Colleague: 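The structure follows.
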Amino acid sequence: MNVLVTGGAGYIGSHAAQRLLADGHDVVVVDNLFRGHARAIDRLRERAKGGDRLGFERVDIGQTDEIERILRERRVDTIMHFAAWTYVGESVQKPLDYYHNNTAGSLSLVRACERSWRNAHGGVRRFVFSSTAATYGEPPADRVPIREDCPQSPINPYGASKLMVERFLRDAVAAATRAGEPFAAACLRYFNVAGADQTGIIGEDHDPETHLIPIAIQAAMGRRPGMTIFGQDYPTPDGTCVRDYVHVEDLADAHVTVMSRMQPGECVAYNLGIGRGYSVREVIAAVERVTGKSIPVTMGERRPGDPPVLFADPSTIRRDLGWAASWTDLEKIIATAWQWMRQNPEGYKS
């Protein structure tokens with residue numbers, strides 16, 4: 001397949017691009033490099049056998065005409081869409097920016113898909129959307145682990161911006177089907193992504209870093225003075241929040257699996273995860289075991305909007321497509337992140 005990967009210079013997108021290349025697909029990455037890393041593309045090219053199968057276009061997804069040009073020139077038949085702003089707190093402070101980038105940008109992509117159907121090569125027929133479990137908001141305790149039929153009631157602009165994309169994708173597929181165009185879409189929802197490419201070539205590099213595992217590793221490395229646990233009185237076994245953690249390579253594998261099985265006229269949604277959660281204390285303790293370092297911890301107050309327990313029920317995608325996470329041991333997931341951060345202590349600047 002000829003696959004356009006938006007946000008392919010970012011954390012998850014670069015791992016998806018790497019997997020697609022390894023499977024023999026032709027890939028063009030579209031990224032405006034606002035939070036992506038050109039060096040990630042360089043490293044993928046250095047590793048890839050036949051680097052000409054990886055193209056890169058520094059383009060914003062909101063530039064519909066440019067996206068249409070790329071789809072035509074590269075004969076793209078599939079879009080794998082990761083380009084998004086993802087900081088929940090920032091989305092509360094800058095909601096319009098999130099709707100502009102995440103929602104309007106995604107609409108621009110689907111518009112370009114619609115135009116591509118007039119191309120000689122047939123245009124884009126598959127659209128795999130990297131959505132988020134934040135579309136569920138704060139489900140009641142009896143809805144955890146979360147299934148796909150859980151009501152979607154996001155509590156922040158980030159989750160709302162993604163839910164809007166899911167809704168217009170369903171409408172776009174229905175309209176295409178009525179018009180006789182074989183278009184399909186998939187929405188993949190997940191919570192916490194962790195780990196890195198096993199060889200340490202690419203990995204996680206955010207500024208600012210907000211994810212628990214890299215923050216804990218940075219504290220273990222002495223790159224930050226310590227870390228804070230926000231709340232220790234939740235109704236969980238050790239009083240701290242419980243979340244699931246899916247390895248980034250499993251996530252890439254799920255996107256590729258779904259891409260290869262999509263059928264014209266369908267718009268499906270799947271939750272991705274390992275089917276269980278780990279508490280904040282469990283994660284910190286696992287990081288200490290993997291790194292052999294003690295992590296200075298400060299206790300803080302609860303953060304507004306932090307539910308006690310959130311993790312996904314991934315049984316639907318296992319039933320439908322046979323996909324299940326292969327990385328289920330927390331320490332092994334952390335070990336890949338530890339390797340990346342040791343080899344690249346300043347991320348892609350290293």
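Note that the structure is predicted; figures quoted are calculated from it, not measured. The basis for the numbers below is simple: all heavy atoms, side chains too, and nothing from hydrogens, waters or symmetry mates.
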Colleague: Check this for me, if you would: do R118 and E181 make a salt bridge, where the nitrogen-to-carboxylate-oxygen distance has to be below 4.0 angstrom?
Modeller: no
Colleague: Relative to the ring of Y158, is the ring of Y98 parallel (under 30°), tilted (30 to 60°) or perpendicular (over 60°)?
Modeller: perpendicular
Colleague: Indicate, with yes or no, if V297 and Y278 share a hydrophobic cluster defined by side-chain heavy-atom contacts under 4.5 Å among Ile, Leu, Val, Met, Phe, Trp and Tyr.
Modeller: yes
Colleague: If I compare all heavy atoms of A9 with all of V29, which pair ends up nearest, and what's the gap?
Modeller: N-CG1, 3.9 Å
Colleague: Taking the side chain as everything from C-beta on, heavy atoms only, tell me whether V290 gets closer than 4.5 Å to I217.
Modeller: no
Colleague: Over all heavy atoms of both residues, which pair between G159 and P154 is shortest? Give the atoms and the distance, please.
Modeller: C-CB, 3.6 Å
Colleague: Apply side chain to side chain contact (heavy atoms under 4.5 Å, CB included) to residues R35 and Y87 and explain how you reach the verdict.
Modeller: CA-CA 12 Å; R35 286 178 173 154; Y87 294 132; 3.6 Å; yes
Colleague: Using side-chain hydrogen bond (donor to acceptor under 3.5 Å, both in side chains), reason through T336 and Q198 one step at a time and then give a plain yes or no.
Modeller: CA-CA 6 Å; T336 62; Q198 295 179 63; over 6 Å; no
Colleague: Kindly give the heavy-atom pair with the smallest separation between A186 and V258, and that separation in Å.
Modeller: CB-CG1, 3.5 Å
Colleague: Give me the ring orientation class for H247 and W327: parallel if the planes are under 30° apart, tilted from 30 to 60°, perpendicular past 60°.
Modeller: parallel
Colleague: Search all heavy atoms of G10 against all heavy atoms of D31 and return the closest pair with its distance.
Modeller: N-OD2, 3.8 Å
Colleague: Check whether any side-chain heavy atom of I79 sits under 4.5 Å from a side-chain heavy atom of V128, and report yes or no.
Modeller: no
Colleague: Salt bridge or not for E249 and R19, using N-O below 4.0 Å?
Modeller: no
Colleague: Quick check: are there more than 12 heavy atoms from other residues, nucleotides or ligands sitting under 6.0 Å from CZ of R147?
Modeller: no
Colleague: Under a 4.5 Å cut-off applied to non-hydrogen side-chain atoms, are L44 and I202 in contact?
Modeller: yes
Colleague: In terms of hydrophobic clustering (I, L, V, M, F, W, Y; side-chain heavy atoms under 4.5 Å; direct or indirect links), are L163 and I155 co-clustered?
Modeller: no
Colleague: Just by modelled atom types, is the I295 backbone N or O under 3.5 Å from a matching donor or acceptor in the E288 side chain?
Modeller: yes
Colleague: Check D65 with R115, please: is the shortest side-chain N to carboxylate O separation under 4.0 Å?
Modeller: yes
Colleague: Side chain to side chain contact (heavy atoms under 4.5 Å, CB included) between F230 and V280: does it pass, once the steps are laid out?
Modeller: CA-CA 9 Å; F230 296 100; V280 175; over 6 Å; no
Colleague: Measure the shortest side-chain to side-chain distance between V193 and Y11 over non-hydrogen atoms and say whether it is less than 4.5 angstrom.
Modeller: yes
Colleague: Rounded to the nearest 0.5 Å, what separation is found between the CZ atom of F183 and the OG1 atom of T177?
Modeller: 9.5 Å
Colleague: For a quick test of reading the model, state the closest non-hydrogen atom pair linking S326 to D250 and the distance between them.
Modeller: OG-OD1, 2.8 Å
Colleague: Is E73 reaching over with its side chain to a backbone N or O of I70, donor-acceptor style, under 3.5 angstrom?
Modeller: no
Colleague: I'd like to know whether T103 forms a side chain to side chain contact (heavy atoms under 4.5 Å, CB included) with F168, so could you lay out the CA-CA distance, the side-chain angles of the two residues, the decisive distance to 0.1 Å, and finally the verdict.
Modeller: CA-CA 10 Å; T103 308; F168 72 62; 4.2 Å; yes
Colleague: Can you check salt bridge (charged side-chain N to carboxylate O under 4.0 Å, His left out) on R43 and E46, steps first, answer last?
Modeller: CA-CA 5 Å; R43 291 188 176 191; E46 290 166 6; 5.7 Å; no
Colleague: Look up atom CD in E282 and atom OG1 in T236, then write down how far apart they are to the nearest 0.5 Å.
Modeller: 9.0 Å
Colleague: So how far is it from R189 CZ to Y136 OH, rounded to the nearest 0.5 Å?
Modeller: 3.5 Å
Colleague: Once you round to the nearest 0.5 Å, how far does NE2 of H100 lie from NZ of K94?
Modeller: 13.0 Å
Colleague: Hydrophobic cluster membership, with links at side-chain heavy-atom distances under 4.5 Å among I/L/V/M/F/W/Y: are V248 and I41 in one?
Modeller: yes
Colleague: Between R302 and D306, does at least one N-O distance fall below 4.0 Å, as a salt bridge requires?
Modeller: no
Colleague: Is the shortest side-chain N to carboxylate O distance from R276 to D244 below 4.0 Å?
Modeller: no
Colleague: Please determine whether side chain to side chain contact (heavy atoms under 4.5 Å, CB included) holds for the pair R126 and M1, giving the CA-CA distance in whole Å, both sets of side-chain angles, and the decisive distance to 0.1 Å.
Modeller: CA-CA 10 Å; R126 289 167 293 275; M1 295 181 187; 3.7 Å; yes
Colleague: How about W323 and Y270: are their ring centres within less than 6.0 Å of each other?
Modeller: no
Colleague: Side chains of E166 and F129: closer than 4.5 Å at any heavy-atom pair?
Modeller: yes
Colleague: Is there a side-chain contact between V165 and K162, using heavy atoms and a 4.5 Å cut-off?
Modeller: no
Colleague: Do N271 and P314 have side-chain heavy atoms sitting under 4.5 Å apart?
Modeller: no
Colleague: Using a 3.5 Å distance criterion without hydrogens, assess whether the side chain of R75 forms a donor-acceptor pair with backbone atoms of N2.
Modeller: no
Colleague: Mind listing the closest non-hydrogen atom pair of G13 and F82 along with its distance?
Modeller: CA-CD1, 3.8 Å
Colleague: I need the L169 CG to H81 NE2 distance, nearest 0.5 Å.
Modeller: 8.5 Å
Colleague: Ring centroid separation for Y348 and W340, is it under 6.0 angstrom?
Modeller: yes
Colleague: Should the ring pair Y190 and H255 be called parallel, tilted or perpendicular, given that the plane angle runs from 0 to 90° and is split at 30 and 60?
Modeller: perpendicular
Colleague: Tell me whether E114 is salt-bridged to R111, with the criterion being a basic N under 4.0 Å from an acidic carboxylate O.
Modeller: yes
Colleague: Show the numbers, then the answer: is there a side-chain hydrogen bond (donor to acceptor under 3.5 Å, both in side chains) between T316 and E148?
Modeller: CA-CA 8 Å; T316 303; E148 289 83 357; 2.8 Å; yes
Colleague: State, with a plain yes or no, whether a side-chain heavy atom of V144 is found less than 4.5 Å away from one of P139.
Modeller: yes
Colleague: If only atom types and distance count, is the side chain of D23 paired as donor or acceptor with the main-chain N or O of H25 below 3.5 Å?
Modeller: no
Colleague: Atom CH2 of W85 and atom CG of N102: how far apart are they, to the nearest 0.5 Å?
Modeller: 8.5 Å
Colleague: Donor-acceptor pair, distance only, cut-off 3.5 Å: does the side chain of N119 make one with the backbone of G123?
Modeller: no
Colleague: Is there a donor-acceptor pair closer than 3.5 Å between any side-chain N or O of S108 and the backbone N or O of I61?
Modeller: yes
Colleague: Go through the steps for N344 and S350 under the test side-chain hydrogen bond (donor to acceptor under 3.5 Å, both in side chains), then give the verdict.
Modeller: CA-CA 5 Å; N344 304 272; S350 299; 4.7 Å; no
Colleague: Mind checking whether M221 and L212 sit in one hydrophobic cluster, side chains of I, L, V, M, F, W, Y counted as touching below 4.5 Å?
Modeller: yes
Colleague: Given the rule that I, L, V, M, F, W and Y join up when any side-chain heavy atoms are under 4.5 Å apart, are V59 and L109 in one cluster?
Modeller: yes
Colleague: Would you kindly check if the NZ (Lys) or CZ (Arg) of R58 is within the cone defined by 45 degrees around the ring axis of F56 and under 6.0 Å from the six-membered ring centre?
Modeller: no
Colleague: When you measure from the side chain of S116 to the backbone N and O of V124, does any donor-acceptor pair fall under 3.5 Å?
Modeller: yes
